[in-house]
There are 2 protein chains.
Amino acid sequence: MAVPSVAERVADELRLQLAEGALLPGARLTESTIAENLGVSRNTVREAFAELASERLVVRHPNRGVFVASLEAGDVHDVYTVRRAIEVSAMRAGGSPEDVAAVRAAVEEGKRAAAAGDHEALGTANQHFHGAIVAMAGSPRLNAIMGQVLAEMRLFFHKATVDAQFYQHYLPENEAICLALESGKPDRAADLLLAYLDRSEDNLSEVHGDAADAE
Amino acid sequence: MAVPSVAERVADELRLQLAEGALLPGARLTESTIAENLGVSRNTVREAFAELASERLVVRHPNRGVFVASLEAGDVHDVYTVRRAIEVSAMRAGGSPEDVAAVRAAVEEGKRAAAAGDHEALGTANQHFHGAIVAMAGSPRLNAIMGQVLAEMRLFFHKATVDAQFYQHYLPENEAICLALESGKPDRAADLLLAYLDRSEDNLSEVHGDAADAE
DNA sequence: AATCGAAGGATTGTTGAACAATCTGTGGAT
DNA sequence: ATCCACAGATTGTTCAACAATCCTTCGATT
(Lines give C-alpha, C1' and ligand atoms only; values in the text may rest on other atoms or scores of the structure.)
Protein backbone atom coordinates (compact mmCIF):
# COMPACT_ATOMS: atom_id res chain seq x y z
CA MET A 1 0.00 0.00 0.00
CA ALA A 2 2.75 2.40 0.96
CA VAL A 3 4.56 3.34 -2.22
CA PRO A 4 8.26 3.71 -1.56
CA SER A 5 9.71 7.02 -2.58
CA VAL A 6 12.04 7.24 -5.54
CA ALA A 7 15.01 7.88 -3.28
CA GLU A 8 14.21 4.73 -1.39
CA ARG A 9 13.91 2.69 -4.54
CA VAL A 10 17.29 3.96 -5.65
CA ALA A 11 18.73 2.98 -2.27
CA ASP A 12 17.12 -0.44 -2.59
CA GLU A 13 18.54 -0.92 -6.05
CA LEU A 14 22.02 0.01 -4.91
CA ARG A 15 21.71 -2.21 -1.86
CA LEU A 16 20.78 -5.06 -4.15
CA GLN A 17 23.75 -4.47 -6.39
CA LEU A 18 25.99 -4.32 -3.36
CA ALA A 19 24.60 -7.57 -2.01
CA GLU A 20 25.01 -9.29 -5.35
CA GLY A 21 28.58 -8.16 -5.65
CA ALA A 22 27.93 -6.09 -8.75
CA LEU A 23 29.61 -3.25 -6.91
CA LEU A 24 32.81 -4.34 -5.25
CA PRO A 25 34.31 -2.72 -2.15
CA GLY A 26 36.35 0.33 -2.97
CA ALA A 27 34.47 1.02 -6.17
CA ARG A 28 33.50 4.59 -6.78
CA LEU A 29 29.90 5.62 -7.21
CA THR A 30 29.53 8.69 -9.36
CA GLU A 31 26.36 10.65 -8.81
CA SER A 32 25.75 11.63 -12.40
CA THR A 33 26.22 8.17 -13.93
CA ILE A 34 23.95 6.52 -11.38
CA ALA A 35 21.38 9.24 -11.84
CA GLU A 36 21.49 8.67 -15.58
CA ASN A 37 21.41 4.88 -15.34
CA LEU A 38 18.39 4.84 -13.06
CA GLY A 39 16.67 7.75 -14.74
CA VAL A 40 16.45 9.91 -11.66
CA SER A 41 17.78 13.23 -10.57
CA ARG A 42 21.21 13.74 -9.08
CA ASN A 43 19.57 15.10 -5.99
CA THR A 44 17.62 11.93 -5.47
CA VAL A 45 20.74 9.81 -5.84
CA ARG A 46 22.25 12.04 -3.20
CA GLU A 47 19.47 11.18 -0.75
CA ALA A 48 19.96 7.50 -1.45
CA PHE A 49 23.67 7.90 -0.77
CA ALA A 50 22.91 9.51 2.56
CA GLU A 51 20.85 6.50 3.53
CA LEU A 52 23.47 3.98 2.47
CA ALA A 53 26.17 5.97 4.21
CA SER A 54 24.20 5.86 7.45
CA GLU A 55 24.18 2.08 7.06
CA ARG A 56 27.94 2.06 6.54
CA LEU A 57 27.54 0.32 3.20
CA VAL A 58 29.14 3.26 1.52
CA VAL A 59 31.70 5.83 2.62
CA ARG A 60 31.61 9.50 1.79
CA HIS A 61 34.87 11.26 1.07
CA PRO A 62 34.01 14.95 1.07
CA ASN A 63 34.37 16.56 -2.31
CA ARG A 64 35.71 13.30 -3.65
CA GLY A 65 32.73 11.06 -3.91
CA VAL A 66 31.23 7.98 -2.32
CA PHE A 67 32.87 4.60 -2.42
CA VAL A 68 31.65 1.13 -1.62
CA ALA A 69 32.73 0.42 1.93
CA SER A 70 35.50 -2.07 2.45
CA LEU A 71 36.03 -3.70 5.80
CA GLU A 72 39.56 -3.41 7.09
CA ALA A 73 41.06 -5.72 9.68
CA GLY A 74 39.83 -3.62 12.58
CA ASP A 75 36.34 -3.52 11.15
CA VAL A 76 36.03 -7.28 11.21
CA HIS A 77 36.77 -7.35 14.91
CA ASP A 78 34.43 -4.44 15.45
CA VAL A 79 31.56 -6.08 13.61
CA TYR A 80 32.01 -9.26 15.61
CA THR A 81 32.02 -7.26 18.83
CA VAL A 82 28.61 -5.96 17.89
CA ARG A 83 27.44 -9.42 16.94
CA ARG A 84 28.61 -10.93 20.21
CA ALA A 85 26.77 -8.24 22.17
CA ILE A 86 23.53 -8.51 20.27
CA GLU A 87 23.27 -12.17 19.36
CA VAL A 88 24.29 -13.54 22.73
CA SER A 89 21.97 -11.18 24.54
CA ALA A 90 19.05 -12.12 22.32
CA MET A 91 19.84 -15.80 22.76
CA ARG A 92 19.75 -15.60 26.52
CA ALA A 93 16.31 -14.03 26.28
CA GLY A 94 15.09 -17.44 25.14
CA GLY A 95 12.31 -16.44 22.80
CA SER A 96 8.86 -17.80 22.08
CA PRO A 97 8.24 -21.21 20.49
CA GLU A 98 7.60 -19.52 17.15
CA ASP A 99 10.94 -17.73 17.43
CA VAL A 100 12.69 -21.02 18.12
CA ALA A 101 10.88 -22.57 15.19
CA ALA A 102 12.24 -19.83 12.96
CA VAL A 103 15.76 -20.65 14.10
CA ARG A 104 15.14 -24.32 13.35
CA ALA A 105 13.80 -23.44 9.92
CA ALA A 106 16.99 -21.56 9.13
CA VAL A 107 19.08 -24.54 10.18
CA GLU A 108 17.13 -26.85 7.90
CA GLU A 109 17.40 -24.31 5.10
CA GLY A 110 21.15 -24.48 5.50
CA LYS A 111 21.16 -28.27 5.36
CA ARG A 112 19.17 -28.29 2.16
CA ALA A 113 21.50 -25.73 0.59
CA ALA A 114 24.53 -27.78 1.59
CA ALA A 115 22.98 -30.91 0.13
CA ALA A 116 22.34 -29.08 -3.12
CA GLY A 117 25.88 -27.70 -3.12
CA ASP A 118 24.58 -24.17 -3.46
CA HIS A 119 26.85 -22.02 -1.36
CA GLU A 120 25.13 -18.84 -2.31
CA ALA A 121 22.03 -20.27 -0.61
CA LEU A 122 24.16 -21.63 2.20
CA GLY A 123 25.38 -18.15 2.96
CA THR A 124 21.93 -16.62 3.04
CA ALA A 125 20.68 -19.49 5.19
CA ASN A 126 23.42 -18.72 7.66
CA GLN A 127 22.34 -15.10 7.73
CA HIS A 128 18.76 -16.19 8.30
CA PHE A 129 19.97 -18.30 11.18
CA HIS A 130 21.62 -15.39 12.92
CA GLY A 131 18.80 -13.05 12.05
CA ALA A 132 16.36 -15.46 13.64
CA ILE A 133 18.48 -15.58 16.77
CA VAL A 134 18.35 -11.82 17.18
CA ALA A 135 14.64 -11.80 16.41
CA MET A 136 14.12 -13.79 19.61
CA ALA A 137 14.66 -10.59 21.57
CA GLY A 138 11.56 -9.17 19.88
CA SER A 139 13.23 -5.79 19.57
CA PRO A 140 12.73 -3.82 16.36
CA ARG A 141 15.84 -1.77 17.08
CA LEU A 142 18.02 -4.83 17.62
CA ASN A 143 16.64 -6.32 14.44
CA ALA A 144 17.48 -3.17 12.53
CA ILE A 145 21.01 -3.10 13.91
CA MET A 146 21.51 -6.76 13.08
CA GLY A 147 20.18 -6.15 9.59
CA GLN A 148 22.83 -3.53 8.99
CA VAL A 149 25.55 -5.72 10.41
CA LEU A 150 24.52 -8.60 8.16
CA ALA A 151 24.53 -6.29 5.17
CA GLU A 152 28.06 -5.24 6.03
CA MET A 153 29.11 -8.85 6.35
CA ARG A 154 27.65 -9.66 2.95
CA LEU A 155 29.71 -6.88 1.48
CA PHE A 156 32.81 -8.31 3.02
CA PHE A 157 32.19 -11.84 1.83
CA HIS A 158 32.15 -10.78 -1.77
CA LYS A 159 35.59 -9.35 -1.28
CA ALA A 160 36.93 -12.45 0.38
CA THR A 161 35.35 -14.84 -2.11
CA VAL A 162 34.63 -17.36 0.57
CA ASP A 163 34.86 -20.98 -0.45
CA ALA A 164 32.15 -23.55 0.04
CA GLN A 165 33.74 -25.21 3.03
CA PHE A 166 33.67 -21.95 4.92
CA TYR A 167 29.99 -22.14 5.75
CA GLN A 168 29.71 -25.90 5.65
CA HIS A 169 32.05 -26.08 8.57
CA TYR A 170 29.50 -24.30 10.71
CA LEU A 171 26.47 -26.41 9.91
CA PRO A 172 26.90 -28.84 12.81
CA GLU A 173 27.49 -25.93 15.15
CA ASN A 174 24.25 -24.31 14.09
CA GLU A 175 22.53 -27.63 14.69
CA ALA A 176 24.01 -27.93 18.18
CA ILE A 177 23.02 -24.37 19.07
CA CYS A 178 19.51 -24.97 17.83
CA LEU A 179 19.20 -28.21 19.76
CA ALA A 180 20.29 -26.55 23.00
CA LEU A 181 17.74 -23.84 22.38
CA GLU A 182 14.96 -26.29 21.62
CA SER A 183 15.66 -28.27 24.77
CA GLY A 184 15.10 -25.17 26.87
CA LYS A 185 18.73 -24.37 27.60
CA PRO A 186 19.21 -20.90 26.17
CA ASP A 187 22.24 -20.20 28.34
CA ARG A 188 23.97 -23.26 27.01
CA ALA A 189 23.00 -22.19 23.50
CA ALA A 190 24.40 -18.72 24.18
CA ASP A 191 27.73 -20.17 25.28
CA LEU A 192 27.93 -22.24 22.11
CA LEU A 193 27.02 -19.22 20.06
CA LEU A 194 29.72 -17.15 21.68
CA ALA A 195 32.35 -19.77 20.92
CA TYR A 196 31.04 -19.96 17.39
CA LEU A 197 31.37 -16.22 16.90
CA ASP A 198 34.91 -16.17 18.26
CA ARG A 199 35.97 -18.91 15.92
CA SER A 200 34.17 -17.35 13.00
CA GLU A 201 35.98 -14.08 13.59
CA ASP A 202 39.32 -15.85 13.67
CA ASN A 203 38.57 -17.62 10.42
CA LEU A 204 37.54 -14.44 8.74
CA SER A 205 40.56 -12.48 9.93
CA GLU A 206 42.66 -15.32 8.59
CA VAL A 207 40.98 -15.27 5.20
CA HIS A 208 41.50 -11.56 5.14
CA GLY A 209 45.23 -12.23 5.45
CA ASP A 210 45.75 -10.37 8.63
CA ALA A 211 47.98 -11.00 11.62
CA ALA A 212 45.35 -11.20 14.35
CA ASP A 213 46.42 -9.82 17.69
CA ALA A 214 45.60 -12.39 20.33
CA GLU A 215 43.43 -10.34 22.62
CA MET B 1 40.58 20.60 9.70
CA ALA B 2 37.68 18.79 8.10
CA VAL B 3 35.01 21.40 7.48
CA PRO B 4 31.59 19.90 8.07
CA SER B 5 29.23 20.28 5.18
CA VAL B 6 26.27 22.60 5.40
CA ALA B 7 23.87 19.68 5.61
CA GLU B 8 25.82 18.33 8.55
CA ARG B 9 25.78 21.67 10.32
CA VAL B 10 22.03 21.86 9.86
CA ALA B 11 21.71 18.37 11.31
CA ASP B 12 23.93 19.37 14.21
CA GLU B 13 21.86 22.47 14.87
CA LEU B 14 18.64 20.48 14.87
CA ARG B 15 20.18 17.81 17.07
CA LEU B 16 21.14 20.53 19.51
CA GLN B 17 17.66 21.98 19.56
CA LEU B 18 16.26 18.52 20.11
CA ALA B 19 18.63 17.84 22.99
CA GLU B 20 17.81 21.18 24.59
CA GLY B 21 14.13 20.56 24.37
CA ALA B 22 13.51 23.49 22.06
CA LEU B 23 11.74 21.03 19.78
CA LEU B 24 9.37 18.82 21.69
CA PRO B 25 8.34 15.32 20.63
CA GLY B 26 5.53 15.33 18.14
CA ALA B 27 6.38 18.80 16.87
CA ARG B 28 6.35 19.23 13.16
CA LEU B 29 9.41 20.35 11.25
CA THR B 30 8.54 22.22 8.10
CA GLU B 31 11.20 22.19 5.43
CA SER B 32 10.67 25.70 4.19
CA THR B 33 10.64 27.43 7.57
CA ILE B 34 13.78 25.65 8.74
CA ALA B 35 15.48 26.40 5.45
CA GLU B 36 14.59 30.05 5.85
CA ASN B 37 15.58 30.24 9.52
CA LEU B 38 18.99 28.72 8.93
CA GLY B 39 19.54 30.42 5.62
CA VAL B 40 20.01 27.25 3.62
CA SER B 41 18.26 25.56 0.77
CA ARG B 42 15.29 23.29 1.19
CA ASN B 43 17.30 20.51 -0.38
CA THR B 44 19.98 20.79 2.24
CA VAL B 45 17.40 20.67 5.02
CA ARG B 46 16.13 17.54 3.35
CA GLU B 47 19.54 15.89 3.61
CA ALA B 48 19.74 16.84 7.27
CA PHE B 49 16.30 15.29 7.81
CA ALA B 50 17.47 12.06 6.24
CA GLU B 51 20.33 11.91 8.68
CA LEU B 52 18.17 12.61 11.71
CA ALA B 53 15.60 10.09 10.53
CA SER B 54 18.27 7.41 10.30
CA GLU B 55 19.05 8.18 13.94
CA ARG B 56 15.38 7.84 14.85
CA LEU B 57 15.34 11.34 16.28
CA VAL B 58 12.76 12.30 13.75
CA VAL B 59 10.05 10.39 11.94
CA ARG B 60 9.11 10.85 8.32
CA HIS B 61 5.46 10.62 7.37
CA PRO B 62 5.44 10.42 3.59
CA ASN B 63 3.88 13.48 1.97
CA ARG B 64 3.06 14.79 5.40
CA GLY B 65 6.33 15.95 6.82
CA VAL B 66 8.80 15.07 9.51
CA PHE B 67 7.99 15.15 13.19
CA VAL B 68 10.11 15.02 16.29
CA ALA B 69 10.12 11.39 17.39
CA SER B 70 8.19 10.52 20.50
CA LEU B 71 8.87 7.32 22.35
CA GLU B 72 5.80 5.25 23.00
CA ALA B 73 5.53 2.63 25.70
CA GLY B 74 6.91 -0.11 23.48
CA ASP B 75 9.83 2.06 22.46
CA VAL B 76 10.98 2.44 26.03
CA HIS B 77 11.19 -1.31 26.44
CA ASP B 78 12.88 -1.60 23.07
CA VAL B 79 15.51 1.00 23.88
CA TYR B 80 16.27 -0.74 27.15
CA THR B 81 16.58 -4.06 25.36
CA VAL B 82 19.30 -2.53 23.24
CA ARG B 83 20.95 -0.98 26.27
CA ARG B 84 20.96 -4.28 28.14
CA ALA B 85 22.57 -6.04 25.20
CA ILE B 86 25.24 -3.43 24.59
CA GLU B 87 26.09 -2.14 28.03
CA VAL B 88 26.22 -5.50 29.75
CA SER B 89 28.34 -6.97 26.98
CA ALA B 90 30.77 -4.07 27.11
CA MET B 91 30.93 -4.30 30.87
CA ARG B 92 31.87 -7.97 30.82
CA ALA B 93 34.72 -7.12 28.46
CA GLY B 94 36.36 -5.39 31.42
CA GLY B 95 38.22 -2.61 29.68
CA SER B 96 41.61 -1.00 30.12
CA PRO B 97 42.56 1.01 33.24
CA GLU B 98 41.98 4.23 31.30
CA ASP B 99 38.51 3.03 30.36
CA VAL B 100 37.74 2.31 34.00
CA ALA B 101 39.11 5.71 34.94
CA ALA B 102 36.67 7.30 32.51
CA VAL B 103 33.81 5.49 34.21
CA ARG B 104 35.04 6.70 37.58
CA ALA B 105 35.28 10.25 36.25
CA ALA B 106 31.64 10.11 35.16
CA VAL B 107 30.59 8.92 38.60
CA GLU B 108 32.40 11.79 40.27
CA GLU B 109 30.92 14.19 37.76
CA GLY B 110 27.51 13.00 38.84
CA LYS B 111 28.31 13.49 42.50
CA ARG B 112 29.42 17.06 41.91
CA ALA B 113 26.29 17.81 39.92
CA ALA B 114 24.12 16.36 42.66
CA ALA B 115 25.93 18.43 45.29
CA ALA B 116 25.35 21.53 43.20
CA GLY B 117 21.71 20.63 42.75
CA ASP B 118 22.05 20.90 38.99
CA HIS B 119 19.95 18.13 37.54
CA GLU B 120 20.61 19.12 34.01
CA ALA B 121 24.25 18.31 34.71
CA LEU B 122 23.23 15.25 36.65
CA GLY B 123 21.48 13.90 33.60
CA THR B 124 24.42 14.44 31.31
CA ALA B 125 26.76 12.91 33.88
CA ASN B 126 24.59 9.83 33.90
CA GLN B 127 24.81 9.65 30.14
CA HIS B 128 28.58 10.00 30.35
CA PHE B 129 28.59 7.14 32.81
CA HIS B 130 26.80 4.79 30.47
CA GLY B 131 28.74 6.04 27.48
CA ALA B 132 31.97 5.27 29.30
CA ILE B 133 30.73 1.78 30.07
CA VAL B 134 30.12 1.04 26.40
CA ALA B 135 33.44 2.62 25.47
CA MET B 136 35.14 -0.18 27.40
CA ALA B 137 34.40 -2.49 24.51
CA GLY B 138 36.59 -0.32 22.30
CA SER B 139 34.17 -0.71 19.44
CA PRO B 140 33.42 2.32 17.27
CA ARG B 141 30.22 0.71 16.07
CA LEU B 142 28.96 0.02 19.57
CA ASN B 143 29.84 3.56 20.56
CA ALA B 144 27.87 4.90 17.64
CA ILE B 145 24.86 2.76 18.46
CA MET B 146 25.00 3.82 22.09
CA GLY B 147 25.28 7.44 21.04
CA GLN B 148 22.05 7.17 19.11
CA VAL B 149 20.31 5.41 21.96
CA LEU B 150 21.39 8.09 24.40
CA ALA B 151 20.14 10.77 22.04
CA GLU B 152 16.79 9.04 21.91
CA MET B 153 16.68 8.85 25.69
CA ARG B 154 17.41 12.56 25.97
CA LEU B 155 14.49 13.25 23.71
CA PHE B 156 12.26 11.20 25.92
CA PHE B 157 13.37 12.84 29.13
CA HIS B 158 12.27 16.22 27.92
CA LYS B 159 8.82 14.84 27.43
CA ALA B 160 8.67 13.25 30.84
CA THR B 161 10.14 16.28 32.63
CA VAL B 162 12.00 14.09 35.02
CA ASP B 163 12.34 15.40 38.53
CA ALA B 164 15.61 15.76 40.39
CA GLN B 165 15.18 12.67 42.51
CA PHE B 166 14.98 10.53 39.43
CA TYR B 167 18.68 10.57 38.74
CA GLN B 168 19.77 11.09 42.32
CA HIS B 169 18.31 7.76 43.17
CA TYR B 170 20.81 6.07 40.91
CA LEU B 171 23.97 7.73 42.20
CA PRO B 172 24.82 5.06 44.78
CA GLU B 173 24.16 2.37 42.19
CA ASN B 174 26.60 3.95 39.80
CA GLU B 175 29.11 4.08 42.62
CA ALA B 176 28.62 0.40 43.43
CA ILE B 177 28.98 -0.61 39.79
CA CYS B 178 32.11 1.44 39.45
CA LEU B 179 33.60 -0.04 42.60
CA ALA B 180 32.99 -3.58 41.41
CA LEU B 181 34.63 -2.68 38.14
CA GLU B 182 37.62 -1.08 39.82
CA SER B 183 38.15 -4.09 42.04
CA GLY B 184 38.50 -6.30 38.99
CA LYS B 185 35.07 -7.92 39.13
CA PRO B 186 33.50 -6.98 35.83
CA ASP B 187 31.00 -9.83 35.97
CA ARG B 188 29.73 -8.63 39.31
CA ALA B 189 29.56 -5.12 37.86
CA ALA B 190 27.65 -6.43 34.87
CA ASP B 191 25.09 -8.10 37.12
CA LEU B 192 24.58 -4.87 39.05
CA LEU B 193 24.28 -2.96 35.80
CA LEU B 194 21.66 -5.36 34.52
CA ALA B 195 19.58 -4.94 37.65
CA TYR B 196 20.02 -1.21 37.37
CA LEU B 197 18.74 -1.16 33.82
CA ASP B 198 15.72 -3.29 34.67
CA ARG B 199 14.76 -0.98 37.50
CA SER B 200 15.41 2.09 35.41
CA GLU B 201 13.12 0.80 32.72
CA ASP B 202 10.36 0.16 35.24
CA ASN B 203 10.71 3.65 36.64
CA LEU B 204 10.56 5.19 33.23
CA SER B 205 7.56 3.19 32.12
CA GLU B 206 5.88 4.29 35.31
CA VAL B 207 6.65 7.96 34.74
CA HIS B 208 5.33 7.52 31.25
CA GLY B 209 2.04 6.47 32.78
CA ASP B 210 1.89 3.05 31.31
CA ALA B 211 0.68 -0.26 32.63
CA ALA B 212 3.87 -2.26 32.36
CA ASP B 213 3.47 -5.90 31.52
CA ALA B 214 5.54 -7.84 33.96
CA GLU B 215 7.67 -9.86 31.60
C1' DA C 1 -28.42 19.71 11.90
C1' DA C 2 -25.28 16.33 10.50
C1' DT C 3 -22.84 13.97 6.74
C1' DC C 4 -20.67 13.74 2.70
C1' DG C 5 -18.01 15.44 -1.07
C1' DA C 6 -15.59 18.72 -3.84
C1' DA C 7 -12.68 22.75 -4.51
C1' DG C 8 -8.53 25.33 -2.52
C1' DG C 9 -4.35 25.95 -0.28
C1' DA C 10 -0.25 24.28 1.65
C1' DT C 11 3.58 21.10 1.90
C1' DT C 12 6.19 17.50 0.33
C1' DG C 13 8.63 14.82 -3.46
C1' DT C 14 11.31 15.30 -7.44
C1' DT C 15 13.39 17.41 -11.26
C1' DG C 16 16.61 20.25 -13.92
C1' DA C 17 19.87 23.72 -14.37
C1' DA C 18 23.23 26.53 -12.64
C1' DC C 19 27.42 27.90 -10.11
C1' DA C 20 31.18 27.84 -6.56
C1' DA C 21 34.45 24.90 -4.27
C1' DT C 22 37.37 21.27 -4.38
C1' DC C 23 39.98 17.50 -6.08
C1' DT C 24 42.77 15.08 -9.93
C1' DG C 25 45.80 14.80 -13.32
C1' DT C 26 48.49 16.77 -17.00
C1' DG C 27 52.03 19.38 -18.76
C1' DG C 28 55.57 22.74 -18.60
C1' DA C 29 59.25 25.42 -16.22
C1' DT C 30 63.05 25.18 -13.27
C1' DA D 1 63.30 14.81 -11.10
C1' DT D 2 60.53 18.34 -8.54
C1' DC D 3 57.40 21.74 -8.26
C1' DC D 4 53.76 24.80 -9.87
C1' DA D 5 49.99 26.27 -12.63
C1' DC D 6 46.28 25.20 -15.28
C1' DA D 7 42.38 22.77 -17.14
C1' DG D 8 38.85 19.14 -16.50
C1' DA D 9 35.76 16.74 -13.80
C1' DT D 10 32.94 15.94 -9.75
C1' DT D 11 30.90 17.27 -5.71
C1' DG D 12 28.27 20.61 -2.65
C1' DT D 13 24.65 23.79 -2.67
C1' DT D 14 21.24 26.85 -4.34
C1' DC D 15 17.23 28.15 -6.85
C1' DA D 16 13.01 27.71 -9.33
C1' DA D 17 9.52 25.00 -10.96
C1' DC D 18 5.94 21.43 -11.07
C1' DA D 19 3.30 17.09 -9.91
C1' DA D 20 1.46 14.50 -6.14
C1' DT D 21 -0.45 14.32 -1.92
C1' DC D 22 -2.57 15.80 2.24
C1' DC D 23 -5.43 18.89 5.18
C1' DT D 24 -9.08 22.18 5.59
C1' DT D 25 -12.82 24.69 4.50
C1' DC D 26 -16.91 25.38 2.40
C1' DG D 27 -21.00 24.11 0.35
C1' DA D 28 -24.52 20.78 -1.15
C1' DT D 29 -27.35 17.00 0.03
C1' DT D 30 -30.15 14.11 2.95
Side-chain angles (χ1 to χ4, degrees), chain A residues 1-18 22-70 72 144 155, chain B residues 1-18 22-70 72 144 155:
Chain A
M1 175 174 167
V3 179
S5 78
V6 176
E8 222 152 327
R9 266 178 309 183
V10 171
D12 287 343
E13 172 64 23
L14 291 177
R15 252 188 293 262
L16 189 67
Q17 293 193 16
L18 289 170
L23 297 170
L24 293 180
R28 179 177 190 171
L29 301 179
T30 311
E31 294 182 357
S32 44
T33 65
I34 291 182
E36 206 170 324
N37 285 359
L38 301 182
V40 300
S41 153
R42 242 187 79 205
N43 248 318
T44 303
V45 173
R46 206 147 228 289
E47 277 200 37
F49 280 173
E51 192 169 334
L52 296 178
S54 82
E55 297 168 11
R56 290 180 190 264
L57 295 181
V58 118
V59 183
R60 270 194 131 117
H61 290 250
N63 287 316
R64 297 205 20 194
V66 314
F67 301 81
V68 180
S70 63
E72 307 303 328
L155 210 61
Chain B
M1 177 172 165
V3 180
S5 79
V6 176
E8 222 153 327
R9 266 177 307 182
V10 171
D12 287 343
E13 172 63 24
L14 291 177
R15 251 189 294 262
L16 190 67
Q17 293 192 18
L18 289 170
L23 297 171
L24 293 181
R28 180 177 188 173
L29 300 180
T30 312
E31 293 182 356
S32 44
T33 65
I34 290 182
E36 204 171 325
N37 285 358
L38 300 182
V40 300
S41 152
R42 243 187 79 204
N43 247 318
T44 303
V45 173
R46 207 149 228 287
E47 276 200 37
F49 280 173
E51 192 171 333
L52 296 178
S54 82
E55 298 168 10
R56 291 181 190 263
L57 295 181
V58 119
V59 183
R60 270 194 130 116
H61 290 251
N63 288 316
R64 298 205 19 194
V66 313
F67 300 81
V68 179
S70 62
E72 307 303 326
L155 211 61

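All values below come from the heavy atoms of this structure, side chains included, with hydrogens, waters and symmetry mates left out. Here is how names work: the chains are called A, B, and so on, in the same order as the sequence lines, proteins then strands, and each is numbered from 1. Remember, predicted model here, so these are calculated numbers, not experimental data.
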* Any sub-3.5 Å donor-acceptor pair from B/R28's side-chain atoms to B/R64's backbone N or O? -> yes

* Given atom CZ of A/R42 and atom P of C/dA18, what is their separation to the nearest angstrom? -> 13 Å

* Check the surroundings of atom CD in A/E36: do more than 12 heavy atoms from other residues, nucleotides or ligands lie under 6.0 Å from it? => no

* Is any side-chain N or O of A/R46 closer than 4.0 Å to OP1 or OP2 of C/dT14? -> no

* Rounded to the nearest angstrom, tell me the gap between atom CG in B/N63 and atom C1' in D/dA19. => 11 Å

* A/R64 side-chain N/O to C/dT24 phosphate OP1/OP2 under 4.0 Å -> yes

* Residue from B/L18, B/V45, B/L23 passing side-chain contact (heavy atoms from CB on, under 4.5 Å) with B/L29 -> B/L23

* **B/R60, nearest nucleotide to its side chain (from C/dT12, C/dG13, D/dC15)** => C/dG13

* Asked: Please give, in whole Å, the distance from C/dG13 C1' to B/H61 NE2?
  -> 16 Å

* Given atom CG of A/L38 and atom P of C/dT15, what is their separation to the nearest angstrom? -> 10 Å

* Asked: Between A/T30 (side chain) and A/S32 (backbone), is there a donor-acceptor pair under 3.5 Å?
  -> no

* **Phosphate-side-chain proximity, A/T44 and C/dT15, N/O vs OP1/OP2 below 4.0 Å** => yes

* Structure fact -> Rounded to whole Å, the CD-P distance (B/E8 to D/dT13) equals 9 Å

* Asked: How long is the line joining CZ of A/R9 and P of C/dT14, in whole Å?
  -> 8 Å

* Spacing of A/F67 atom CZ relative to C/dC23 atom P, expressed in whole Å -> 12 Å

* Structure fact -> By nearest-nucleotide position on DNA chain C, the 5'-leaning member of B/R28 and A/E47 is B/R28

* Structure fact -> Closest of D/dG12, D/dT14, C/dG13 to the B/N43 side chain is D/dT14

* Select one nucleotide: of D/dT14, C/dT22, C/dT14, the one nearest the side-chain heavy atoms of B/V40. => D/dT14

* Asked: Using 4.0 Å as the upper bound for N to carboxylate O, is an ion pair formed by A/D12 and A/R15?
  -> yes

* To do: Please state how far atom CD in B/E36 lies from atom C1' in C/dT11, giving the value in whole angstrom units.
  => 14 Å

